[in-house]
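In what follows, a single structure is set out as structure tokens and then discussed.
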Amino acid sequence: VGSSSAVSLSRQVQGTGGSSAVSKCSAAARGYIQDRFLRLLAGRRRRRAPLIHRGYYIRARAVDHCVQDFLLKTQSLSRTQILSLGAGFDSLYFRLKDMGLLHHTVVYEVDFPNVACQKATLIKGMKELSALVRDTGGEGLGAITFSGEDYKLLGVDLSELSELERALEEAGLNNELPTLFIAEVVLTYMENTRSDALIQWAAKHFPQACFLVYEQVHPEDPFGHVMQQHFRQLNTALHSLAQYPDCEAQQRRFLGKGWTECSVMDMNEFFTCCIPEDEQQRVQTLEPFDEYEEWHLKCSHYFVLAASKGMEPSWTPLLPSVTVPRHAGPVWMAGSVPAAVCARLSGIPGLRRYGHHSVLIKPNVILTTGGFGEERGQHCRMRNFHVLSKRAGYWEAACVTQNIPDKRWGERLYHTVSCLSDTLALVVGGRTSPSSTGLGMLWLKFPENCNAAGPDDVAVELVSLQPAAEAAALRWRHSTTEMTFKGEQYLFVYGGRSALEPVLGDWHFLHTPELSYTAIAVEGPVPESRHSHSACSWEGGVLIAGGLGAAEQPLGSVFLLRELEHGFQWQTIETHPPLVPRYSHTAHVHEGKLLLVGGVWFHASSVPGITVIDLMTGLCLDYVISGEHLEWPLMLHNHSSIFLRNEKELLVIGGGGNCFSFGTHLNPEPVSLSLSSILISH
């Protein structure tokens, strides 16, 4: 690399450090992490979104977990040292010092020379910081920019190993002492040959050491593509990913470079296993939150690794406090289903949305409503409806402006729409913001000849409900399913969440058409509360699959609400192999088979495609969705899907979400999946 481009690259990497300090500072201000020093070091203040707060919380917890573990294991020793690589404006030293945990430990921090100089100036100019670290006046010696009795700040480029080694030696680092190396999103910015050399050097020269790494993983799935694209645009490509794409590859990397023990887990596993339940609950209730999919995807794309040699393995307190079902190895795929774009639906911005709902209002005519998406080049809650219709084998779409005051529709997300006749549909629930109380019910009335050629207006009318039925409406991420009881038509509203309850497990039978609430006896084991599940009509009853349960854990259960003589009964459908727990998927029933489409699961080595469950035998087969003919990553969560039985075609509309700090990804156009090969009638 030429020196000028190396300088510009180092500037970009430094920018990520400054941005992460601001995010950590915002998370601390909201009570996610207890750290009074971050605001002194971050410089600028900016309030970040709840999703960003959670992301930086889990990062801080993982690093703290390993640091505390190292200090605990070495507390009886007379001297130890911590070496933080690419430390940026991190507050680790000041927190540990303030807590009285550095009686026999010296902390060394290394970063680019200009970052180290900036930090040194900050420390000297701020009483709260300089009071904790006594300046022994050693700066100016070699690479040292600040020198205290138990704190040394060095300005060195980490990729220059010989310079690093010399600078550390001059600063007093002792190879014979137990040493903890910390690399928090640092190694991946270096060329692999240089980061590998650093890992090997640490193992070779330090007989008693631990090495902690926190960084990205899984570049190849849709979220991974968006993540990589973001870092490429910042001109800070993630080098590790191509050679070390998953946790197992990272583990092999360390074991092959001289470390004797190495444990690694992604952040979903870390959150579930290593954070006590009461702390999980505390974090989950700090702010109104409704971006579960993006939170779990972010966590499946970051890992924490602890390698050690000459010391007790560095992960012993990380033994799970609870057991999570882990799937050994990847999910076996029975085949693949190709995804194709619909020729005439590209370039219609209103179809780029998520958290919306699509419903078949008559054969080959689809109504899509609500959600968050793109209108006139802006990201916003969607006010307009879209009608899609198929003519002469091609899908066409048209935008429908509804003739209503805006407040009535409320620009809602995560609602349901049930079609009750050729001209009438019912909207149930949904929300504007996650702190809103949820929205009531609406009638949608459309002309009999409604299609994309002449969509006309859709009239929207408020439904006035009896008080008993109102509770059914004030929820989102629920399901509303058509069903029959004693020959009468009902809508079965189940689960979801509300502003007060993070997860609901109740249900309501609404008698159509007048929507009166009817009490019907239900027996059998009650399914655990859930939202973002799927629900389908089947043989007069309802099939519920998956969902996100209490404590924000995905569920793998399938239930049938089956009609009996005097009411209904919950029945569990056993699947084999067991269904991988998931949520935010869509579902359809075809000839005794339940089809689950997409969603989010914790098992990050692949993304959910289509799962076919035989409702007679319980046999469960997974098929991967191949996006090789698409020019963009297909995100199959928060989408809607319509199954066209005669053609055995599945139309997926919208989907995507806000991908952590990497930007919003909306699937740019609907895709068609041909299921004829996997739905061969026997």
Side-chain angles (χ1 to χ4, degrees), residues 1 3 6-7 9-14 16-18 41 67 70 79-94 96-97 102 105-124 129-130 133-213 257-258:
V1 181
S3 63
V7 167
L9 182 61
S10 79
R11 271 203 203 108
Q12 310 297 340
V13 173
Q14 289 160 38
T16 65
L41 291 161
V67 171
F70 172 80
R79 285 164 68 212
T80 60
Q81 46 201 14
I82 293 174
L83 172 52
S84 181
L85 304 164
F89 294 93
D90 193 48
S91 58
L92 178 72
Y93 165 79
F94 298 97
L96 295 177
K97 181 76 170 175
L102 293 181
T105 306
V106 180
V107 175
Y108 296 82
E109 290 187 347
V110 181
D111 212 313
F112 291 110
N114 56 335
V115 174
C117 288
Q118 268 178 282
K119 191 170 185 177
T121 307
L122 265 175
I123 295 168
K124 287 171 192 162
L129 300 176
S130 54
V133 52
R134 286 229 328 270
D135 189 346
T136 56
E139 70 267 16
L141 170 68
I144 298 172
T145 62
F146 189 96
S147 180
E149 284 176 2
D150 53 5
Y151 178 66
K152 315 283 179 193
L153 180 54
L154 286 74
V156 190
D157 183 342
L158 288 176
S159 60
E160 301 299 336
L161 192 51
S162 54
E163 276 181 45
L164 175 68
E165 198 170 1
R166 187 167 64 248
L168 288 169
E169 201 176 312
E170 282 173 3
L173 190 77
N174 183 341
N175 293 18
E176 296 307 312
L177 296 181
T179 305
L180 170 64
F181 294 84
I182 300 174
E184 197 182 325
V185 196
V186 171
L187 300 180
T188 192
Y189 294 134
M190 299 162 65
E191 295 289 346
N192 284 336
T193 50
R194 291 176 183 257
S195 54
D196 283 349
L198 181 58
I199 292 166
Q200 195 153 12
W201 167 82
K204 186 179 172 188
H205 290 86
F206 292 79
Q208 289 179 283
C210 296
F211 204 123
L212 158 66
V213 178
K257 303 259 176 298

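Excluded from the calculations below are hydrogen atoms, water molecules and symmetry mates; all remaining heavy atoms, backbone and side chain alike, are included.
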Can K97 and D150 be counted as an ion pair, charged N to O under 4.0 angstrom? yes
To the nearest 0.5 Å, what is the distance between CG on L187 and OH on Y189? 11.5 Å
Are K119 and F89 close enough, and set up right, to give a side-chain contact (heavy atoms from CB on, under 4.5 Å), and what steps lead you there? CA-CA 7 Å; K119 191 170 185 177; F89 294 93; 4.2 Å; yes
Please round to the nearest 0.5 Å and tell me the distance separating atom CZ of F211 and atom CG of L180. 9.5 Å
Quick one: are I82 and F181 in side-chain contact, heavy atoms under 4.5 Å? no
Nearest non-hydrogen partners of V110 and V156, listed with the distance: CG1-O, 3.7 Å
Pairwise distance OG(S84) to CG(L154) - rounded to 0.5 angstrom: 11.5 Å
Using 0.5 Å steps for rounding, measure from the OH atom of Y93 to the CD atom of E109. 10.0 Å
Within a 6.0 Å radius of atom CD on E160, are there more than 12 heavy atoms belonging to other residues, nucleotides or ligands? yes
Do the rings of W201 and F206 sit parallel, tilted or perpendicular, given the 30° and 60° boundaries? perpendicular
When V67, L85, L83 are each screened for side-chain contact (heavy atoms from CB on, under 4.5 Å) with I182, the one that passes is V67
For A197 versus L161, what's the shortest heavy-atom pair and its separation? O-CD2, 3.8 Å
Calculate, to the nearest 0.5 Å, the distance between atoms CG and CD belonging to L177 and Q208 respectively. 8.5 Å
Would a 4.5 Å heavy-atom cut-off, applied to side chains only, mark V133 and F146 as touching? yes
Is there a donor in the side chain of K124 and an acceptor in the side chain of S130, or the other way round, less than 3.5 Å apart? no
Candidate pair Q81 and T179, rule side-chain hydrogen bond (donor to acceptor under 3.5 Å, both in side chains), full reasoning: CA-CA 5 Å; Q81 46 201 14; T179 305; 3.0 Å; yes
Straight-line distance of S91 OG to L96 CG, nearest 0.5 Å: 9.0 Å
Nearest heavy-atom contact between V115 and G88 is CG1-CA, 4.1 Å
So I144 and E170, side-chain contact (heavy atoms from CB on, under 4.5 Å) or not? Walk me through it. CA-CA 9 Å; I144 298 172; E170 282 173 3; 5.6 Å; no
